[in-house]
Asks: 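Structure provided below as structure tokens; questions to follow.
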2 protein chains.
Amino acid sequence: MSATAARPRLPASKRRAAILDAAVELFSSKGFRGVTTRALAASVGVTEPVLYQHFASKHALYEAILEMKAMEAPFEVERELERFTEAGDSQAFFTLLATLILNWYCEDPRYARLLMYSALEGHELSDLFYERHVAIFYGWVTRHIESQVRRGKMRRTPPLLAARAFAGMVAHQGLIYAIYHPGDLAASRKQVVKTVVDLYLQGIMK
Amino acid sequence: MSATAARPRLPASKRRAAILDAAVELFSSKGFRGVTTRALAASVGVTEPVLYQHFASKHALYEAILEMKAMEAPFEVERELERFTEAGDSQAFFTLLATLILNWYCEDPRYARLLMYSALEGHELSDLFYERHVAIFYGWVTRHIESQVRRGKMRRTPPLLAARAFAGMVAHQGLIYAIYHPGDLAASRKQVVKTVVDLYLQGIMK
DNA sequence: CCTTTAAGTTAGCGTCTGCTATATTAGCGG
DNA sequence: CCGCTAATATAGCAGACGCTAACTTAAAGG
């Protein structure tokens with residue numbers, strides 16, 4: 001009687017990964033409330049109960065994504081950045097940071113959108129991302145600026161404000177790319193980094 | 001039998017305005033899909049059919065907000081900006097622009113959130129805002145930069161990229177304020193404008 | 001005071017949503 | 001080849017959703 005399509009039975013871990021991947025795709029384009037569990041299941045190629053075998057609820061599934069991304073630590077570069085600060089090499093410092101940020105947007109703009117959604121929708125784990133990435137980023141930059149000011153190599157500027165200004169210069173390019181998509185950021189990435197860092201370091205005026 | 005609370009009967013125009021105001025509040029905090037017509041009606045203090053007397057659908061109501069905001073032309077300042085460009089006064093030019101942007105975020109951060117939502121959710125009228133504000137902004141700045149480069153007063157820099165960098169420096173501060181809300185932007189607005197414009201114009205290095 | 005108009009309500013339709021109790025079957029260890 | 005486990009499907013509940021037909025009543029004009 002049943003003409004069931006004989007779906008391939010994946011081991012739990014693979015199925016879970018497949019669900020997460022499809023979820024990122026959908027949540028990033030429609031937001032948490034814009035995605036139904038039915039649509040998600042269909043996109044994975046299974047039925048709804050399968051989702052609930054791997055995640056307690058729609059919310060838990062969403063939080064699994066956020067946590068996964070928030071915990072992706074960028075701490076490998078921390079030591080390198082500190083070396084640049086100690087060496088007083090602002091050029092290298094800001095170039096690395098800008099490259100990091102733009103790469104993050106380019107590699108998977110879906111996460112940029114998803115995190116933007118989560119921040120707007122006020123999900124708790126969104127704060128986690130802020131603490132573990134944005135705030136830490138500001139910390140790195142302010143420390144670098146303060147260090148350079150002490151050495152007399154940089155003009156005295158409110159450090160947090162200046163850090164945000166740099167973050168804005170870079171992230172805005174990525175944001176426009178992830179949301180409005182005019183032009184291919186990936187291709188021009190290197191030029192963007194070069195121009196923005198140059199602008200930030202030396203100023204636009206002759 | 002009926003214990004109806006004898007609601008005040010507003011003239012259509014006032015009721016319509018009240019609905020729009022409550023709608024901005026709700027849509028900006030929960031997004032289009034996060035707001036139900038029931039919740040909106042309750043927030044206005046009426047019942048659902050009243051909403052449908054003023055707007056054909058939930059979508060039409062939302063688009064009325066977007067159109068209202070997109071059409072709010074900033075063209076009053078256009079002539080002033082052009083004068084600054086002609087006079088070669090970059091200081092005044094960028095100060096006015098930065099003030100404009102930050103004021104926009106401060107006056108009503110709800111719209112910043114609402115427009116962010118609409119961009120993510122891909123509403124058609126979101127493009128209208130991009131065209132009528134973001135793209136026009138880029139146009140002003142690129143023209144100013146090109147003009148200054150021709151006069152030899154500014155370093156040769158990819159104009160659109162430089163325009164976006166400036167937009168990012170300023171808007172990022174507003175965005176952080178509208179979304180994560182750490183600190184009071186309104187109070188420090190003037191210092192932010194001063195610092196950012198100074199940074200952009202003269203560069204951070206001594 | 002009576003008529004007319006429109007601002008407002010009640011009640012509920014059809015559909016979709018998150019989620020689940022229950023049944024079924026693929027595939028591995030023995 | 002069997003039996004067990006875990007991966008999957010069917011069917012559907014209870015509530016929420018966008019929206020509407022039909023009724024009620026406040027209030028302005030003659």
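Convention: sequence-line order gives letters A, B, ...; per-chain numbering from 1. Atom set for the values below is all heavy atoms of this structure, side chains included, hydrogens, waters and symmetry mates excluded.
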Asks: Does D:dT20 have OP1 or OP2 under 4.0 Å away from a side-chain N or O of B:Tyr52?
Replies: no

Asks: Strictly by modelled atom types, are B:Glu25 and B:Ser43 linked by a side-chain donor-acceptor pair under 3.5 Å?
Replies: no

Asks: May I ask you to say what A:Thr36 touches in the nucleic acid, namely base, sugar-phosphate or nothing, with a heavy-atom cut-off under 4.0 Å?
Replies: sugar-phosphate

Asks: Within this structure, what is the CZ-to-P distance between A:Arg38 and D:dA9, rounded to whole angstrom?
Replies: 14 Å

Asks: Short question: side chain of A:Ser28, backbone of A:Val24 - any donor-acceptor pair under 3.5 Å?
Replies: yes

Asks: Within the pair B:Arg15 and C:dG8, is there a side-chain N or O less than 4.0 Å away from OP1 or OP2?
Replies: yes

Asks: Can you tell me if A:Thr37 touches the phosphate of C:dC19, counting only side-chain N or O atoms and a distance under 4.0 Å to OP1 or OP2?
Replies: no

Asks: Which nucleotide, D:dA7, C:dT9, D:dA9, lies nearest any side-chain atom of A:Gln53?
Replies: D:dA7

Asks: Can you check the B:Leu40 CG to D:dC19 P distance for me, whole Å?
Replies: 12 Å

Asks: How close or far is atom P of D:dA27 from atom CZ of B:Arg9, stated in whole angstroms?
Replies: 7 Å

Asks: Find the distance B:Glu48:CD to C:dT10:C1' and express it as a whole number of Å.
Replies: 12 Å

Asks: Rounded off to whole Å, could you give me the CD1-to-C1' distance for the A:Ile19 and D:dT8 pair?
Replies: 11 Å

Asks: Heavy atoms only: give me the nearest B:Ala23-B:Ile65 pair and the separation to one decimal.
Replies: CB-CD1, 3.7 Å

Asks: Given atom NZ of B:Lys14 and atom P of C:dA7, what is their separation to the nearest angstrom?
Replies: 14 Å

Asks: What pair of heavy atoms forms the shortest contact from A:Val35 to A:Lys58, and how long is it?
Replies: O-NZ, 2.7 Å

Asks: Tell me the interatomic distance from A:Leu10, atom CG, to D:dT5, atom P, rounded to whole angstroms.
Replies: 22 Å

Asks: Assign B:Val44 to base, sugar-phosphate, or nothing according to its heavy-atom contacts below 4.0 angstrom with the strands shown.
Replies: nothing

Asks: Is there a side-chain contact between A:Ile179 and B:Met116 (heavy atoms, below 4.5 Å)?
Replies: yes

Asks: Which part of the nucleic acid, if any, lies within reach of B:Pro49 when heavy atoms closer than 4.0 Å are counted: base, sugar-phosphate only, or nothing?
Replies: base

Asks: Measure the distance from CG on A:Leu51 to C1' on C:dT17 and round it to the nearest whole Å.
Replies: 13 Å

